[in-house]
Amino acid sequence: MKVLLLGSGGREHALAWKINQSSQLDKLFVAPGNAGTDQIATNVEIGVSDFKAQEEFIRTEGIDLLVVGPEAPLVEGVQDHFKERLPELKVIGPSKAGAELEGSKEYAKKFMSKYEVPTAAYRSFDASSLNEGLQFLEALNPPYVLKADGLAAGKGVLILKDLTEAQAELKAMLKDNKFGDASSKVVIEEYLDGIEMSCFVLTDGKDYKILPSAKDYKRIGEGDTGLNTGGMGAVSPVPFANDDLERKIEEKIVKRSINGISKEGFDYCGFLFIGLMIVQNEPFVIEYNVRMGDPETEVVMPRINSDLLSHFIACAEGKLSNEDLQIANESATTVMLVSGGYPESYEKEKEITGLDQTADCLLFHAGTKRENDKILSNGGRVIAVTAKGDNYRDALAKSYRNAERILFDGRYYRKDIGFDLMS
Ligand code: AMP
Ligand code: GLY
């Protein structure tokens, strides 16, 4: 089987690492990839949204299976493009219609209410209903949760304590295009006070397999302070997710969501990443994503013992229920090394050293490139340092021991990943 994987982050390096272990793999290509994927697969210089160049490459190389890492090409319809043009190609990633679960927060909320998936109460507004939105905010208790409807690079959610500020932001989103087209509609929802975790599901649109759960750390600063980032670290499994909570997540969230996907008739073969808020041991959905998380993939993949490529093939053939997904009992943790200044402006092209000084860990490259014999930083998030252990403390100690050894100018990482789990 020849596989093409789209993307260039730590998520894609972790997926490539896992796919690479399959006995069914003949050759793996990553487009565009990074200096990490380059060590284990063949990088191809094609952008994730360049369907035309991808098609040409797929035809020339005789690719059998396409795995879509990030959300943008899915929301843009990459799956539909290839289903129409190359019906034999297996695609891991939903159709454009299914990708609306991530592409439109309003659509996702309607879907959840239709299929009785627990979520925060909400209303949505556009420019013509701005005044109603302003009044609606007055009727709510703080904090106020405002969500731009469309994709806004993870920045479209605002949580505000002050009513006047919330009203000003609503106006900025709807009237002044604060997030461009993405905020032409805004969902205002009830604030849920709880603890977050993520559930990952692989589905063929009818059946599903629940992958290891994970918790990520989105803020740049220790103690979960400062600006939001793509994710600064993650742990798997989530230590507070007891059997009772896992059962509720499966019954109330996963089964109802997959039932909805099946009833809507989406051509959906791929991941569903469900962001959850746990309030008094009850799960509520705060968002759907139609891809894996980053850096969650860097802790989820190392805990899967069975053959991911075989699960993908079964998924694409609508036979996922036959698969035996095996998950390791161990914990996995990852600590993200980022460029100084991230998530605001930062410098790239810093030489990374010490990679060969690490031991007993997995290094997943996020934003790196190779130039001659050197590995240089090439993004805000640079390298995810993953380790496994009997419990998350052992794993974290190994992640940190190795994180210290990797050096580049301006390197920063949070030293408190998992801080809220220590009891
Ligand atoms: P999202 O982009 O939807 O993941 O939202 C970004 C972050 O906002 C989430 O990770 C949560 O921390 C927070 N959030 C989203 N919705 C709510 C809500 N209804 N109540 C409290 N926090 C929320
Ligand atoms: N780590 C959060 C995300 O991938 O959306």
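All ligand and atom numbering here is 1-based and tracks the order in the structure.
Heavy-atom proximity to Met277, at under 4.0 Å, picks out these atoms of ligand 1: 21 (C), 22 (N). Per-residue contacts place Glu189 under 4.0 angstrom from the following atoms of ligand 1 (heavy atoms of the residue considered): 16 (N), 17 (C), 18 (C), 19 (N). Within ligand 2, the atoms closer than 4.0 Å to a non-hydrogen atom of Gly293 are 4 (O), numbered from 1 in the order shown. Heavy-atom proximity to Ile159, at under 4.0 Å, picks out these atoms of ligand 1: 8 (O), 13 (C), 14 (N), 22 (N), 23 (C). Remark: ligand 1 atoms within the under-4.0 Å shell around heavy atoms of Leu192 are 18 (C), 19 (N), 20 (N), 21 (C).
Under 4.0 Å from ligand 2, not a single heavy atom of Arg11 appears. Contacts between Asp193 and ligand 1 below 4.0 angstrom, taking non-hydrogen atoms only, are absent altogether. By the criterion of a heavy-atom distance under 4.0 Å, the backbone of Glu190, and not its side chain, is placed next to ligand 1.
Salt bridge Asp244/Lys248: present, at least one basic N to carboxylate O contact under 4.0 Å. A salt bridge links Lys147 with Glu189; the closest basic N to acidic carboxylate O contact falls under 4.0 Å. Under 4.0 Å is where a charged nitrogen must lie from a carboxylate oxygen, and between Arg414 and Asp224 at least one such pair does.
At the shortest separation from atom 16 (N) of ligand 1 among protein heavy atoms lies Lys147 NZ, 3.0 Å. Counting protein heavy atoms only, atom 5 (O) of ligand 2 is closest to Arg291 NH2, 3.0 Å.
Among Glu196, Glu287, Arg219, the residue whose heavy atom lies nearest to atom 11 (C) of ligand 1 is Glu196. Of the listed options Asn289, Asp216, Thr229, Asp216 places a heavy atom closest to atom 2 (C) of ligand 2.
If you take CG on Leu308 and CG on Leu15, they are separated by 7.0 Å, rounding to the nearest 0.5 Å. Atom CD1 of Ile352 sits about 8.5 Å away from atom CG of Leu337, to the nearest 0.5 Å. Here Glu106 contributes atom CD and Lys185 contributes atom NZ; the two are 4.0 Å apart, rounded to the nearest 0.5 Å. With rounding to the nearest 0.5 angstrom, the CE atom of Met173 is 12.0 Å from the CG atom of Leu130.
A cation-pi contact links Lys215 to Tyr217, judged by a cut-off of 6.0 Å to the six-membered ring centre and 45° from its axis.
Remark: ligand 1 and Lys105 share an N or O pair separated by less than 3.5 Å (distance only, no angle test). The shortest N or O to N or O distance between Val157 and ligand 1 is not below 3.5 Å. The shortest N or O to N or O distance between Asp294 and ligand 2 is under 3.5 Å.
Using a 4.0 Å cutoff on heavy atoms, Gly230 counts as a contact of ligand 2. Look at Gly231 and you'll find every heavy atom at least 4.0 Å from all atoms of ligand 2.
Ring planes of Tyr107 and Phe111: tilted class, angle from 30 to 60°. Ring geometry for His13 against Phe364 counts as perpendicular: the plane angle is over 60°, on a 0 to 90° scale with 30° as the lower cut.
For Phe200 and Phe271, the distance between ring centers is not under 6.0 angstrom.
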